[in-house]
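Heads up, the thing below is written out as structure tokens.
None of the values given here were measured: they were computed from a predicted structure.
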Amino acid sequence: MLTMSGAPPLHLTKKQRTSLEQMGRSTSLPYRAVREAKALLLAGDGVPNEEIARRMLVSSNTVRAW
């Protein structure tokens with residue numbers, strides 16, 4: 001399955017998804033780690049990089065680096 005950007009969704013195992021979900025809810029981790037975890041979850045859901053960048057208020061290049 002391809003996303004609107006033509007790239008396949010990021011494959012996440014159940015363990016990886018659970019870990020990222022915990023990180024995304026964290027109030028003790030650095031903001032950067034929480035934001036990256038949320039972006040990776042969006043990528044796992046098939047959201048295009050450009051949309052992730054818009055939602056996270058970063059550039060598309062930053063999303064690709066994550």
Side-chain angles (χ1 to χ4, degrees):
M1 179 175 140
L2 296 179
T3 64
M4 291 174 60
S5 64
L10 179 66
H11 174 73
L12 298 172
T13 65
K14 282 188 172 193
K15 185 175 181 179
Q16 289 169 326
R17 180 171 286 280
T18 298
S19 179
L20 287 170
E21 288 170 347
Q22 290 172 346
M23 291 174 68
R25 290 190 304 267
S26 176
T27 58
S28 61
L29 286 175
Y31 174 73
R32 180 178 177 169
V34 172
R35 186 170 61 161
E36 287 178 24
K38 290 178 179 181
L40 290 169
L41 286 167
L42 290 171
D45 290 341
V47 177
N49 287 346
E50 294 77 20
E51 177 61 16
I52 295 170
R54 188 188 69 74
R55 292 183 193 184
M56 304 308 292
L57 303 176
V58 298
S59 72
S60 294
N61 287 336
T62 299
V63 174
R64 284 188 286 279
W66 290 340

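Under the rule for a side-chain hydrogen bond (donor to acceptor under 3.5 Å, both in side chains), the partners of Thr62 that lie at least two apart in sequence or sit in another chain are Ser59. Residues satisfying the side-chain hydrogen bond (donor to acceptor under 3.5 Å, both in side chains) test with Arg25, not counting sequence neighbours, are none. Applying the side-chain hydrogen bond (donor to acceptor under 3.5 Å, both in side chains) test to Glu51 and every residue at least two apart in sequence or in another chain returns Arg54, Arg55.
Closest of all the heavy-atom pairs between Ala53 and Ser60 is CB-N, 3.7 Å. For Met56 against Ala39, the heavy-atom pair with the smallest separation is CG-CB, 4.2 Å. Nearest heavy atoms, Gly46 versus Pro9: CA-CB, 3.8 Å. Listed here is the closest heavy atom pair of Lys38 and Gly24: CE-O, 3.1 Å. Scanning all heavy atoms of the two residues, the minimum distance from Ile52 to Ala43 falls at CD1-N, 3.6 Å.
Here Glu21 contributes atom CD and Leu12 contributes atom CG; the two are 9.0 Å apart, rounded to the nearest 0.5 Å. The CZ atom of Arg17 sits 10.5 Å away from the CG atom of Leu40 when rounded to the nearest 0.5 Å.
Clustering ILVMFWY residues whenever any of their side-chain heavy atoms sit less than 4.5 angstrom apart, transitively, puts Leu20 in the very cluster that holds Leu29. Both Leu10 and Met23 belong to a common hydrophobic cluster when Ile, Leu, Val, Met, Phe, Trp and Tyr are linked at side-chain heavy-atom distances under 4.5 angstrom. One hydrophobic cluster, built from ILVMFWY side chains closer than 4.5 Å, holds both Val63 and Leu42.
Side chains of Gln22 and Ser26 form no contact here, defined as non-hydrogen atoms less than 4.5 Å apart.
Ser19 places no side-chain N or O within donor-acceptor distance of the main-chain N or O of Lys15, the cut-off being under 3.5 Å.
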